[in-house]
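A quick write-up on the structure given underneath.
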Amino acid sequence: MLDIKYLRQNIDVVRKKMDERGQKIDFDRFLELDAKRRDILQSVETLRNERNSVSKQVGELKKQKADASALIEKMGEVSSKIKEYDESLRVIEEDLNAFVMIVPNMQHESVPQGQGSEDNPVVRVWGEKPVFDFEPKQHFDLGENLNILDFARGAKIAGARFTVYRGAGAQLERAIFNFMLDLHTEKHGYTEVLTPFMVNQESMTGTGQLPKFKEDLFKIEGMEYYLIPTAEVPVTNIYREEILDEEMLPIHLVAFSPCFRAEAGSYGKDTRGLIRQHQFNKVEMVKFSKPENSYDELEALTADAEDVLKRLGIHYRTVCLCTADLGFSSAKTYDLEAWLPGQNAYREISSCSNFEDFQARRASIRFRRKESGKVEFLHTLNGSGLAVGRTVVAVLENYQQADGSIVIPEALRPYMRGLERIVP
RNA sequence: GGAGAGAUGGCUGAGUGGUCGAAAGCGAUCGCCUGCUAAGCGAUUGUACGCCCUUCAAAGGUGUACCGCGGGUUCAAAUCCCGCUCUCUCCGCCA
């Protein structure tokens, strides 16, 4: 969430930023609520002050066995007035809170303006489209022909958007996330964490999924638990409501987790194959950074994600999300789009974002400056490193052969017990 | 699932209705002392939200709230009552 004080003092800046993001937000209502809140707060605090000092007098009088009934009676009135004010304050703060919780983050000044994903500029391209002397197939056909992906039985067991992996397919998925975890921990300096796959409401609010995106989440029936849509949620919330020492920063964490998404509103989109599942695996990188370093950290984070694709030899491009395409909590996001020959398209395989202090303020994650002793919000970042299922798709489609077999990329072979090719 | 104990500041831990934002100790920071280190001495040491001051901010001043969370009783709650959450111990069950 945004800083209320900043919002109050720089309302025009925020209006302009939200305008650029295509967000319609009633800031007049905010200003009204905010003014009302401070007004009531002052009244109630004055009364509390009176009550506190008079109550002290009552204590004195009682000690001297003197009569305090007049004061007590008067304070009875004050107390009930305080109760009234408290109630209206509670209502206003609830409204105010509900308001600030649904205002998106402000984009960084370097974020390009645009109307949609077609306006996302390509900032980098790596590799080239592979050339085939046959018509490349899509991954679901390849997978079914090789008997390593079984969509029909996934649907039978659970439903649409669930898949059974079999044999070399299951092994490939496992090989890919182990390869990613090893790469990020051994070569990129991240610390691996393994967190709960269900979280409470506070954690979902901390990273921005709640209250605005409830319909995207799976909730456990009868309990206050939600299935995580990304490891970003539990990992970022590791330090929720904590004040870290400056020397602890930066913190670089990497986590494997399954991710669960309701995919409400994406009916009819990517219905076949592994691209859009209710459950998929992901390796996620999360960073906690000092504010002055967070944009350098974002570049490094993106490079770490890109390194996975480079080592797998998969052609990709990096785009910078424009104002219209930027996620709710993000100040700046790079998407990595892998080339999928079967689809003849680039598809998102990683998303790397700097949230600045947006999540940190929601989740109250702060650090103390060593020099000044001052406490301030840190910056959080995260990026997929990478989406595992989509990486399987990319490997299958890019490494397919004319006979329908799949050559295993060199980097994955140690994780496949030396297997060089998946054959029917 | 059953029985019991507990949750207080960075940490340990005292506090059973008013003088408690909270003793004491540890730690940390600053200063003094000291040939250096240690010891010793002194001071400081939470967070949030308002208001005043200030061009803004910082600093400073001032007020309010916060002793796991939420409610209640009372002129007054860390302290009494109710509900919840979490932690620990024992029993049962269990991968």
Side-chain angles (χ1 to χ4, degrees), chain A residues 1-14 30-97 99-101 194-206 220 222-226 234 237-249 291-292 357 360-378:
Chain A
M1 71 196 203
L2 302 179
D3 181 9
I4 286 197
K5 259 187 237 164
Y6 181 88
L7 213 46
R8 189 187 295 148
Q9 289 164 4
N10 305 72
I11 194 80
D12 292 332
V13 176
V14 183
F30 163 77
L31 290 174
E32 191 187 310
L33 283 171
D34 180 58
K36 215 158 146 194
R37 172 182 169 267
R38 280 181 294 158
D39 197 43
I40 295 177
L41 194 61
Q42 279 177 52
S43 306
V44 74
E45 287 193 350
T46 306
L47 287 176
R48 282 217 185 95
N49 180 235
E50 184 185 353
R51 183 178 71 182
N52 286 345
S53 58
V54 173
S55 284
K56 236 174 239 177
Q57 289 174 39
V58 171
E60 297 287 330
L61 289 173
K62 292 229 163 174
K63 207 186 267 174
Q64 296 160 24
K65 309 232 168 142
D67 178 41
S69 55
L71 285 178
I72 289 175
E73 196 179 323
K74 192 172 149 222
M75 282 309 102
E77 283 168 35
V78 171
S79 274
S80 58
K81 232 188 250 174
I82 289 175
K83 226 171 242 182
E84 277 171 41
Y85 277 126
D86 273 341
E87 177 56 19
S88 40
L89 198 60
R90 189 189 63 77
V91 170
I92 286 174
E93 287 187 338
E94 219 166 72
D95 287 355
L96 208 53
N97 191 45
F99 176 89
V100 296
M101 291 308 261
L194 184 62
T195 61
F197 302 150
M198 294 183 225
V199 300
N200 56 30
Q201 188 183 306
E202 288 73 26
S203 293
M204 285 295 186
T205 307
I220 303 298
M223 288 186 168
E224 273 307 311
Y225 292 137
Y226 296 84
N237 277 282
I238 286 175
Y239 296 110
R240 173 155 53 85
E241 285 151 47
E242 293 193 27
I243 299 174
L244 308 179
D245 291 330
E246 184 177 356
E247 304 94 90
M248 290 171 73
L249 300 176
E292 60 269 31
D357 63 5
R361 183 171 288 107
R362 285 180 161 242
S364 191
I365 309 172
R366 294 170 291 175
F367 75 104
R368 192 183 300 279
R369 294 268 182 200
K370 199 175 168 64
E371 276 293 305
S372 60
K374 288 278 167 216
V375 173
E376 62 184 284
F377 292 110
L378 49 70

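Chain letters run A, B, ... following the sequence lines, proteins first, then strands; residues in each count from 1.
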Distance check, [atom1] atoms only: [N] and [M], in whole angstrom units.
N     : M     : atom1 : value
B:G15 : B:U89 : P     : 24 Å
B:U47 : B:C53 : C1'   : 23 Å
B:G21 : B:U8  : C1'   : 11 Å
B:A14 : B:G70 : C1'   : 27 Å
B:C69 : B:C11 : P     : 14 Å
B:C41 : B:C26 : P     : 10 Å
B:U19 : B:C67 : P     : 15 Å
B:G25 : B:G13 : C1'   : 8 Å

Quick one: OG on A:S364 to CD on A:E202, what's the gap to the nearest 0.5 Å? 13.0 Å
Regarding A:E94 and A:R90, does a basic nitrogen lie under 4.0 Å from an acidic carboxylate oxygen?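 Answer for the salt bridge query: yes.
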Classify the nucleic acid contact of A:K62 as base, sugar-phosphate or nothing, counting any heavy atom under 4.0 Å across all strands shown.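 Result for A:K62 = base.
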At 4.0 Å (heavy atoms only), tell me whether A:V54 reaches a base, stays on the sugar-phosphate, or touches nothing. nothing
Could you please spell out the steps behind the side chain to side chain contact (heavy atoms under 4.5 Å, CB included) verdict for A:K62 and A:I72? CA-CA 11 Å; A:K62 292 229 163 174; A:I72 289 175; 4.0 Å; yes
Using heavy atoms to find the nearest nucleotide of RNA chain B for A:S53 and A:G59 separately, return the residue whose nucleotide is more 5′.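 Its nearest nucleotide lies further toward 5', so the answer is A:G59.
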On RNA chain B, compare the nucleotides closest to A:G76 and A:K370; which residue's is nearer the 5' end? A:K370
So which protein N/O to nucleotides 44-50 of chain B N/O distances come out below 3.5 Å?
residue: B:U47; atom: OP1; partner: A:R368; partner atom: NH1; Å: 3.2
residue: B:U47; atom: O3'; partner: A:R366; partner atom: NH1; Å: 3.1
residue: B:A48; atom: OP1; partner: A:R366; partner atom: NH1; Å: 3.3
residue: B:C49; atom: O2'; partner: A:R37; partner atom: NH2; Å: 2.6
residue: B:G50; atom: OP1; partner: A:R8; partner atom: NH2; Å: 2.6

I need the single residue from A:M101, A:M1, A:R240 that forms a side chain to side chain contact (heavy atoms under 4.5 Å, CB included) with A:T205. Which is it?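 Of the listed residues A:M101, A:M1, A:R240, the side chain to side chain contact (heavy atoms under 4.5 Å, CB included) partner of A:T205 is A:M101.
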Quickly work out the [X] [atom1] to [N] [atom2] distance and round it to whole Å.
X      : N     : atom1 : atom2 : value
A:Y85  : B:A65 : OH    : C1'   : 18 Å
A:Y6   : B:A57 : OH    : P     : 14 Å
A:I72  : B:U74 : CD1   : C1'   : 10 Å
A:K56  : B:G21 : NZ    : C1'   : 12 Å
A:E246 : B:U29 : CD    : C1'   : 15 Å
A:E241 : B:C66 : CD    : C1'   : 14 Å
A:R48  : B:A77 : CZ    : P     : 10 Å
A:L61  : B:A76 : CG    : P     : 16 Å

Distance-only, no hydrogens or angles: does the A:D245 side chain make a donor-acceptor pair with backbone N or O of A:E247 under 3.5 Å?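 Absent.
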Please check this pair: side chain of A:R366 against backbone of A:I243, looking for a donor-acceptor N/O pair closer than 3.5 Å.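 Looks like no, no N/O pair under 3.5 Å.
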When you compare the side chain of A:F367 with that of A:V375, does any pair of heavy atoms fall below 4.5 Å?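 No, every pair of side-chain atoms sits at 4.5 Å or beyond.
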Do A:N200 and A:S203 have a side chain donor and acceptor closer than 3.5 Å? yes
Do the side-chain N or O atoms of [X] get closer than 4.0 angstrom to the phosphate oxygens (OP1, OP2) of [N]?
X     : N     : value
A:S79 : B:U74 : no
A:R51 : B:A76 : yes
A:N52 : B:U64 : yes
A:N49 : B:U64 : yes

Stepwise, does the side chain to side chain contact (heavy atoms under 4.5 Å, CB included) test hold for A:L7 with A:V100? CA-CA 9 Å; A:L7 213 46; A:V100 296; 4.1 Å; yes
All N/O pairs under 3.5 Å across the protein-nucleotides 82-86 of chain B interface:
none

Not counting sequence neighbours, which residues clear salt bridge (charged side-chain N to carboxylate O under 4.0 Å, His left out) with A:R37? List them please. A:E93
Any residue meeting salt bridge (charged side-chain N to carboxylate O under 4.0 Å, His left out) with A:E376, in chain and number order, not counting sequence neighbours: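 A:E376 satisfies salt bridge (charged side-chain N to carboxylate O under 4.0 Å, His left out) with A:R369 only.
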Which residues pass the side chain to side chain contact (heavy atoms under 4.5 Å, CB included) test with A:K5, not counting sequence neighbours?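 A:D3, A:R8.
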Given the rule in the side chain to side chain contact (heavy atoms under 4.5 Å, CB included) test, do A:L47 and A:E50 qualify, once you have shown the distances and angles that lead to the verdict? CA-CA 5 Å; A:L47 287 176; A:E50 184 185 353; 3.9 Å; yes
Encoded 5' to 3' (Watson-Crick or G-U under 3.5 Å; [ ] crossing; | other strand), RNA chain B becomes ((((((((.[[[..)..(.....]]]((((((.......))))))(((((((.......))))))).[[[[[..)....]]]]])))))))....
